[in-house]
Amino acid sequence: MLDKTYDAAAVEPRIATLWDEAGAFRAGAGAREGAEPFTIVIPPPNVTGSLHMGHALNNTLQDVLVRFQRMRGRDVLWQPGTDHAGIATQMVVERQLAERQEPDRRAMGRDAFVERVWTWKAESGGTIQNQLYRLGASCDWSRERFTMDEGLSAAVLEVFVALHREGLIYRDKRLVNWDPRFLTAISDLEVQQVEVKGKLWHFRYPLEGGATYQAPIAFDEETGEPTEFETRDYIVVATTRPETMLGDTAVAVHPEDPRYKDLIGKHVVLPLVGRRIEIVGDDYADPDTGSGAVKITPAHDFNDFEVGRRHDLAMINILDEEARLFLEGNDAFLAGVGDDENFADVMALNGIDRFKAREAIVALMEARGLLAEIENHVHMVPHGDRSGVVIEPFLTDQWYVDAKTLAKPAIEAVKRGDTAFVPGNWERVYFEWMENIQPWCVSRQLWWGHQIPAWYGPDGAVFVVKSEADAVKAAETQFGKPANVVSKTEAVATWEGGAGNTVALYRDEDVLDTWFSSALWPFSTLGWPDKTPELARYYPTSVLVTGFDIIFFWVARMMMMGLHFTDQAPFHTVYIHALVRDEKGAKMSKSKGNVIDPIDLIDQFGADALRFTLAAMAAQGRDIKLAPARVQGYRNFATKLWNAARFAEMNGCKQSTAFDPANVTGTLAQWIVVETGRTAAAVTEGIESYRFNDAAGAVYSFTWHTFCDWYLELAKPVLQGEDGPAKAELQAVTAWVIDQIVKLLHPFMPFLTEELWARTAEEAGLSRESVLALTPWPELAVSDNPAAREINWLVDLISQIRSVRSETNVPAGAQIPVVLVGASETERGYVATHEAAIKRLARVETIEEADNAPDKSAQVILGDVTVCLPLAGVVDLDAERARLQKELDKLAADIKKIDAKLNNPSFVEKAPDEVVEEQRERREEAEGRRNKVTEALGRL
RNA sequence: GGGCGUGUAGCUCAGCGGGAGAGCGUUCCGUUCACACCGGAAAGGUCACAGGUUCAAUCCCUGUCACGCCCACCA
């Protein structure tokens with residue numbers, strides 16, 4: 001006997017164990033003979049992570065697809081694993097060291113630190129897998145991978161070396177986004193533009209040798225032409241970053257700018273440092289912005305860098321890696337300095353932070369009378385997405401991937417339709433980004449990650465090979481003498497010491513961007529570069545399920561790498577789902593304190609309820625605002641089904657393998673069988689087309705409203721009545737329908753349904769062929785429903801009587817008589833068949849027939865039949881009059897609307913015949929009804 | 001500055017060219033023996049606004065307003 005309520009907390013762990021023991025999620029489990037593979041690779045969560053709502057949604061949707069396909073007999077692999085998450089993980093461990101007052105990373109040294117991270121991973125890295133497991137994610141856990149495990153690391157080496165050999169990875173000295181807190185380069189994508197209220201300082205840069213020009217100072221209001229000029233011996237430039245002026249190596253003006261074009265080629269003397277810098281003509285300078293002249297600092301601004309390249313300007317870096325002024329011992333800076341009264345003041349700023357330097361420089365300029373103006377200025381300032389500090393464009397040597405070349409096939413694959421985005425509008429976003437893609441900076445100055453397989457030797461030699469041994473071999477071949485690998489400092493010292501008997505090499509100290517290994521995930525997890533059977537079988541994958549926030553970071557890069565190394569797009573479909581927000585639509589974040597922990601919800605309502613909620617709300621193209629009340633509602637749904645099963649059990653409804661739904665004879669049975677088939681079709685269609693909300697909604701409303709509210713209620717008199725063939729049939733049908741519901745619901749609510757699958761079989765003394773997770777999906781014939789007319793009439797009758805009772809204030813408990821007027825043979829038959837059900841559900845005492853409606857009765861119009869409740873004194877006749885009048889008004893309005901259409905010649909002429917016909921029928925029906933209601937009202 | 005998306009019942013959301021829907025909430029009724037995590041009944045909406053296309057528009061087009069989000073180098 002089932003308990004009165006379903007106890008998710010008790011059942012879920014037990015069911016999870018059951019699946020494990022059955023090996024239900026192993027690749028290929030339950031696959032039919034000759035089945036096509038169905039593969040999903042999980043978006044690997046960070047090892048440092050714990051499950052948030054986004055993961056819960058993401059993995060619920062994947063699990064729905066995977067469980068569905070597994071039941072349909074496909075050869076399913078859901079590949080799980082985690083990502084090593086370079087910066088994030090390194091931060092976590094460094095923080096732990098600090099908390100425990102242990103020596104920091106630098107004090108420990110690289111090897112010890114990396115060892116420490118592995119220890120951390122072993123102890124704490126399993127959190128998220130456990131949480132996914134609790135969610136019911138049916139991954140093949142036996143195949144779990146980690147982006148830094150041996151196999152995946154081999155794939156990374158293979159790819160890096162190959163791309164380098166092909167010239168698609170190269171080392172370059174250019175500006176990068178430098179994070180002065182983490183002391184590493186980051187990619188464009190890791191930079192967040194943040195709006196900042198700053199200032200725009202206008203500086204005067206004096207012209208060299210007393211040169212002058214005519215600067216317009218007044219303009220005609222209409223034409224905008226200058227009307228007044230003054231003679232100036234300086235140029236005004238504006239900047240949001242005054243401290244960078246120390247690195248200025250030019251002033252740019254537009255080549256056609258009449259104000260300045262004669263100055264091109266002349267020089268200004270950079271105040272404070274005395275450097276002579278050229279005035280160059282460059283299109284980059286916009287005559288309409290500010291003064292039309294712009295200071296150029298090639299080493300600290302991406303645009304200026306380009307200008308610098310065009311004009312062969314010096315690149316003077318004036319910051320150190322922590323973004324402090326770097327002046328003393330800075331040869332490039334000191335090389336150009338001249339005689340300036342403030343030079344000593346500037347040098348005194350050496351080593352101070354960039355923001356302090358900014359104030360100091362402004363103060364010095366102001367003191368010199370060279371500060372022309374200060375404007376308030378709102379602009380976008382780049383910040384590190386993880387560190388939160390202002391990013392510094394910084395001149396360094398880094399490794400780059402030639403993304404532009406790799407992007408071409410990736411764009412083509414989507415254009416050709418080899419890979420389709422769902423919803424399709426994301427393709428636009430993908431194209432937009434891919435078509436404007438920049439070189440991808442893949443080196444990071446961190447310790448945790450895949451160390452770059454490059455070894456440096458003397459004279460600029462670089463060996464990019466898969467191992468140290470290969471590097472040594474290559475160096476020996478090139479230099480003709482023994483080589484050995486030493487530390488960077490040692491190697492450099494050896495090279496400076498001149499030629500020796502051996503060649504010293506050192507390995508690049510940097511690691512790769514985490515997304516580099518993630519980009520290989522769809523094939524590296526399957527064993528690539530080895531030609532494994534799994535790779536042959538499960539690649540390319542069927543669908544990638546992910547949020548739009550990582551289309552660029554991840555999806556695009558997997559497309560590029562997948563196509564380059566396997567010649568196949570890594571996924572057939574990319575399903576992009578929405579973000580989960582809080583009830584009010586705000587993004588969940590720790591700082592806002594509005595984070596809902598999925599595990600809390602699972603504890604409270606069960607994993608099934610959470611999963612169902614997420615699936616039911618996952619309509620395409622809209623963010624999910626998650627209200628915990630919703631989860632509670634779906635928990636109630638789980639209980640509802642549980643109780644329906646309990647009711648069935650109490651009434652001897654036993655599952656049987658012998659039952660064939662095609663052979664049922666009773667109308668109620670026929671009706672529910674067909675409705676079940678329709679529901680199965682709707683759920684199947686919903687999941688196949690990624691309309692999870694439709695699929696979830698279809699099982700929900702069928703189970704609750706069709707099956708529980710009507711079928712079971714109508715079946716009760718029979719099920720609880722005399723034994724006989726009719727009862728036996730309904731018992732069998734009921735058990736069968738529950739089985740179908742349980743199957744259809746399984747992708748959404750796997751725990752509850754698996755439990756019911758076992759318990760109902762136990763009760764019926766039936767031995768199931770397999771766990772529900774591996775049981776074939778319902779494939780039911782969908783046909784017209786011959787019983788629908790009868791059942792719909794019945795439902796209508798009962799609903800109407802209930803409504804009238806309620807509106808005319810008949811006491812709920814009162815058993816009342818009913819008189820039918822004008823019933824046809826068919827309708828009499830309906831009443832006869834379902835008399836017990838009608839009496840029970842509408843609280844009716846007797847059902848009689850008459851030629852005319854009794855006096856003072858409430859009346860319900862049901863087609864040609866008038867159903868009378870002749871209860872003077874019980875029925876509130878005023879209420880009844882009001883009710884009928886209200887219905888009459890509504891009918892009149894309907895008819896008026898329909899007439900408006902039918903009286904419009906264009907409508908009759910141009911609308912499709914069936915539409916016109918439909919309107920005619922509707923009018924006729926409404927008219928007939930109006931007459932009946934009018935009569936009824938008259939009788940009162 | 002470009003692009004995308006969203007404005008439908010009190011709230012959260014479906015629907016999307018021909019009869020306005022769900023869940024939650026609200027109101028009223030109910031100890032009917034599966035379920036009060038329940039049952040029954042009801043109230044509640046010029047489908048943001050303005051034009052246009054169409055026989056017909058919540059749905060398609062254009063514009064406006066509001067709110068999100070993404071991308072972008074304007075000193």
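Order of the sequence lines fixes the chain letters, A, B, ..., with proteins taken first and strands second; residue numbering starts at 1 for each chain.
As rounded to the nearest Å, B/C67 and B/U31 have C1' atoms that lie 49 Å from one another. Taking atom P in both B/G21 and B/A42, the straight-line distance is 13 Å, to the nearest Å. Straight-line distance between the C1' atoms of B/C73 and B/U12: roughly 41 Å, to the nearest whole Å. Rounded to whole Å, the separation between the C1' atoms of B/C33 and B/A22 comes to 31 Å. Look at the C1' atom in both B/U62 and B/U26: the space between them is 40 Å, to the nearest Å. One C1' atom belongs to B/C16, the other to B/A43, and the distance between them is 26 Å to the nearest Å. Separating the C1' atom of B/A14 from that of B/A20 is a span of 12 Å, rounded to the nearest Å. B/C37 and B/U58: their P atoms are spaced 42 Å apart (whole Å).
A/Glu713 comes within 4.0 angstrom of a base, heavy atoms only. Residue A/Asn809 is out of contact with every strand shown, counting any heavy-atom pair closer than 4.0 Å. If you check every strand for non-hydrogen atoms under 4.0 Å, A/Ala285 touches a base. Using a 4.0 Å heavy-atom distance criterion, A/Glu432 is classed as making no nucleic acid contact. Using a 4.0 Å heavy-atom distance criterion, A/Thr240 is classed as a sugar-phosphate-only contact. Within 4.0 Å of A/His202, counting heavy atoms only, lies no atom of the nucleic acid at all. Using a 4.0 Å heavy-atom cutoff across all strands shown, A/Trp704 reaches sugar-phosphate atoms only and no base atom. Residue A/Asp286 is in base contact, counting any heavy-atom pair closer than 4.0 Å across all strands shown. In this structure, A/Lys295 reaches neither bases nor backbone, as no heavy-atom distance under 4.0 Å exists between it and the strands shown. Within 4.0 Å of A/Glu918, counting heavy atoms only, lies no atom of the nucleic acid at all.
Between atom CG of residue A/Leu371 and atom NE2 of residue A/His202 there is a gap of 9.0 Å, rounded to the nearest 0.5 Å.
If you measure from atom CG of A/Asp608 to atom C1' of B/C37, you get 15 Å, rounded to the nearest angstrom. In this structure, the CZ atom of A/Phe553 is 9 Å from the P atom of B/C71, given to the nearest Å. Nucleotide B/A34 holds its P atom 20 Å from the CG atom of A/Leu752, rounded to whole Å. B/C24 atom C1' lies 15 Å from atom CZ of A/Phe612, rounded to whole Å. Atom CG of A/Leu841 is separated from atom C1' of B/A41 by 15 Å (rounded to the nearest Å). To the nearest angstrom, C1' of B/C73 lies 6 Å from OH of A/Tyr284. Here the C1' atom of nucleotide B/G19 and the CD1 atom of A/Ile898 are 8 Å apart, to the nearest Å. Separating the NZ atom of A/Lys890 from the P atom of B/G44 is a distance of 13 Å, rounded to the nearest angstrom.
With a cut-off of 3.5 Å on both pairing distances, the Watson-Crick or G-U wobble partner of B/G30 is B/C38. With both pairing distances under 3.5 Å, B/G5 is matched to B/C67 as a Watson-Crick or G-U wobble pair. Applying the Watson-Crick and G-U wobble criteria (two distances, each under 3.5 Å), B/G23 pairs with B/C11. A 3.5 Å limit on both hydrogen-bonding distances identifies B/C61 as the Watson-Crick or G-U partner of B/G51.
Dashed line: the shortest gap from a side-chain N or O of A/Arg843 to OP1 or OP2 of B/G30 is not under 4.0 Å. Of the side-chain N and O atoms in A/Lys716, none sit less than 4.0 angstrom from OP1 or OP2 of B/C33. Within the structure, a side-chain polar atom (N or O) of A/Asn636 is placed less than 4.0 Å from OP1 or OP2 of B/C38. Contact between the side-chain N/O atoms of A/His705 and the OP1/OP2 oxygens of B/G23 is found at a separation under 4.0 Å.
Along RNA chain B, the nucleotide closest to A/Gln632 and the one closest to A/Ser803 are compared, and the more 5′ of them pairs with A/Gln632. Residues A/Asp188 and A/Arg922 both approach RNA chain B. Their nearest nucleotides, taken by heavy-atom distance, put A/Arg922 toward the 5′ side.
The two atoms that bring A/Arg802 and A/Trp710 nearest to each other are NH1-CH2, 3.7 Å, heavy atoms only. Shortest non-hydrogen contact noted between A/Pro287 and A/Asp257 is CB-OD2, 3.6 Å. Across all non-hydrogen atoms, the minimal contact from A/Ile551 to A/Trp426 is CD1-CE3, 3.7 Å.
For A/Phe552, whose side chain is taken as the heavy atoms from C-beta onward, the closest listed nucleotide among B/C35, B/G3, B/C70 is B/C70. Among the nucleotides B/G23, B/G40, B/G18, the one closest to the side chain of A/Asp709 is B/G40. Taking the side chain of A/Asn425 as heavy atoms from C-beta on, and the options B/A34, B/A20, B/G5, the nearest nucleotide is B/G5. Between B/G3, B/U12, B/C69, one nucleotide has an atom nearer to the side chain of A/Arg428 than all others, and that is B/G3. Considering only the side chain of A/Pro912, B/G18 comes nearest among B/A34, B/G40, B/G18. In the set B/G3, B/G19, B/A42, B/A42 carries the atom at the smallest distance from any side-chain atom of A/Lys886. When each of B/G18, B/U12, B/A42 is scored by its nearest atom to the side-chain atoms of A/Gln919, the top-ranked nucleotide is B/G18.
No hydrogens or angles were tested; on distance alone, nothing pairs the side chain of A/Lys4 with the base of B/C35 as donor and acceptor under 3.5 Å. Checked by distance alone, A/Arg646 brings no side-chain donor or acceptor within 3.5 Å of a matching partner on the base of B/C35. Side-chain atoms of A/Thr289 and base atoms of B/C74 include a donor and an acceptor less than 3.5 Å apart. For B/U32, its base never sits under 3.5 Å from the side chain of A/Arg840 at any donor and acceptor pair.
Taking the ring centre of A/Phe748 as origin, the terminal cationic atom of A/Arg611 falls outside the region bounded by 6.0 Å and 45° from the ring axis. A/Phe647 carries A/Lys716 over the face of its six-membered ring, with the cationic atom under 6.0 Å from the centre and within 45° of the normal.
For an aromatic pair to be called close, the ring centres must be under 6.0 Å apart, and A/Tyr700 with A/Trp704 satisfies this.
Inspection of the A/Thr546 and A/Tyr575 side chains reveals no N or O donor paired with an N or O acceptor under 3.5 Å. For A/Gln632 and A/Asn636, the side-chain atoms include no donor-acceptor pair closer than 3.5 Å.
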